[in-house]
Amino acid sequence: MEEEDFDNGIPGFEFDENDWPTTNERPPPFVDRYFSRFYKTDMNGKIGEDHCVLCHSNKICIVTLAKSHPVITEKKVISSINFQVADGINRLDNKVSGKGKRGAQWVKPNSALCRIICEDGSQYTVCACVRGMLVEINETILTSPNFIAEKVCL
Amino acid sequence: MAELSLSKMQFEFFTTSDELALEISQALVSINCCTWCILRFLGEKRPCMYVNETVNELRQLLNAKDNTVDCVICPGCLGILHKYNASDFLQEIKSVVKKEDYEFIDYQCSLIVPVCTILRQHSIYLFLQEKHGSVYCKIPEEEISSIKDVWKWFCGPSLSKQLNSEFKQKSPFEISLIFKYEDSEKECYFLLETNPNEFQRRKKSPFDLFTRAAVFKAVTTLPDDVFKKNYQTPCLTPVKTIDCDISCNFDAIFIAGRYLKFSRTLSQTPWIIDGVRKTKSSVEEEICSAMSIFKATDFKFSSSGREDVDVRMLGNGRPFIVEILDAHRCHAVNEISAVQELINETSDVVKVRDLQLITREDIHNLKEGELEKSKCYMALCWSSSTLTPENIQLINQLKTIEIQQKTPLRVLHRRSQAVRSRMIYDISIKETKENYFKLYISTQAGTYIKEFVHGDFGRTVPNLSSLLNVDCDILTLDVQGVELKWPPQLDNDMDTK
């Protein structure tokens, strides 16, 4: 039997007889209901380049820029993202298949995932921060690179 | 000897000549065949002839031994016909049935005989062809009545009397007599050399190596001279005795219905990880525990799709089937409405309706059209900014939309990554309360509703947030209907919340 996802609903919320919540408080955001946030500050020794890794209970991690990262704090405009992180390693070549995600690129905490190039010329490397298999790249940032800077929290 | 004669006994043998019949009988007596096997090898196929008086008369006529009394095991039936035929054995069957405590109306009796009987029968047949080719070379081996049939003809009526029940071929209550002979496999070993292709060793399991079908096929294709070279013809009188295991089984009973689930912390089937229960019970257990009146060995639960733990199942409910295995109280099928009442009265969180008996042939209805069917939902959602009338109108005016959903992150660990195209057939926002709103949506089966609302990091497109250009989140989800017109609705009243 497959493991069902134990969506515990929203703890602390109560509903009246018409199924409306008894409060108008904002529910805890989707991100915080499913994910735990882990921060890695000053990645690779670069001051201020803080990453935030969202970890799901099923061990899937999403690597994001922390609110304190210069791209966010200095409101940079991203012009492009480069996925060719080394000779012979292009993150866009990543192809996974099956439940076991065969064929995925293996990354270590200081493996580079991509390089952000901003309009003002500054460049920032986004690192994996965790060990694991690269499952996918958020396709939205391929067409709208600035998405990384815009969506701070869902 | 005197007054008895074969012709007077009015048998129907393969040969019409009394003289030949006597000679054949004596040949079989000489290899220690029991009188029943003699009768069947002679060609008698009428059940009425396999009765005590007739068998005894024939034995007298032939001046043959009584195998059981003289402790000589018949090489043809290994004792099944001459030893396991008396009232003591039948009483043993009766006591097993009684001990296992089944309720039944009629019964069927099936015998499983050792595989080596195929070889033994064949060898006797070849022996008879040698000695009396004029008769047996014209008779195909299939014409010889089987051990199983003869046993049933001989013991059937008495067994019926003992059990005080009628024998019916397709009865759901089956009494199995499993005869085991220790050397059965050993006798088959030579086939591994003569017919190596027939016997594949699967996973080193010795048990299923000599299957009935494989041995039968090998024996029928083996040339006579090869068979005779490898297997004693006629077969030897067995030295070891046979054993019999008596067991009972009641055919599966199928019950269908629809269930409603009012809890947001109940899984559909038992959810146990590493020995720890994640939810206190499950829909399956709430339903199956009420079926204890069947006194079954086990239950199998299946349904037309399923909902998450935190999703309520409302409306007409979700169709399901329970397969009741080996019920000891089959008369409980008359109490199904009582079972439904029991579930509805004892459980707060699960209700059942349209509970009814179905047949095995009806089962396919459950899974039919699972992919095409549509489901309707009510989602309680939240938006970061209160929805304007324009927002609401935009949604309500939407016609059918096609969405592309990447495998949701929450299930990505156990499903392969893929993009699934799904249809939204109907969507509307009917009520709002400050930042909360109720979304009514009807979709193709297999659509992930939660991901459609919050977008799953942009992995479901379009999504509600992108359509409204407002961040949305989903708090609760209810399934309002599963579009399947089966099982048929019953008239009994049922309050649905």
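Proteins come first, then strands; the chains are lettered A, B, ... in the order of their sequence lines, and each starts at number 1. Note that the coordinates shown come from a computational prediction; the quantities given were computed from them, not determined experimentally.
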pair C129(A)-M43(A): side-chain heavy atoms closer than 4.5 Å: yes
Heavy-atom pair of closest approach, residues S122(A) and D120(A): OG-OD1, 2.6 Å
Salt bridge present between R37(A) and D32(A) (N-O < 4.0 angstrom): yes
Electrostatic pair R264(B):D478(B) at N-O distance under 4.0 angstrom: yes
Contacts with chain A made by residues 374-388 of chain B (heavy-atom distance under 4.5 Å), listed by residue number: L380(B), W382(B)
Ring centres under 6.0 angstrom apart (Y34(A), F30(A)): yes
Pair F457(B) + F35(A): ring centers closer than 6.0 Å: yes
Of the backbone (N, CA, C, O) and the side chain (C-beta and beyond), which part of [X] lies under 4.5 Å from a heavy atom of chain B, both, or neither?
{"X": "E25(A)", "answer": "backbone"}
{"X": "I141(A)", "answer": "neither"}
{"X": "K59(A)", "answer": "neither"}

Separation of E286(B) CD from K351(B) NZ (nearest 0.5 Å): 10.0 Å
Proximity breakdown for K438(B) and chain A, heavy-atom pairs closer than 4.5 Å: both
Test item: N58(A) side-chain N/O and R410(B) main-chain N/O as donor-acceptor pair under 3.5 Å: yes
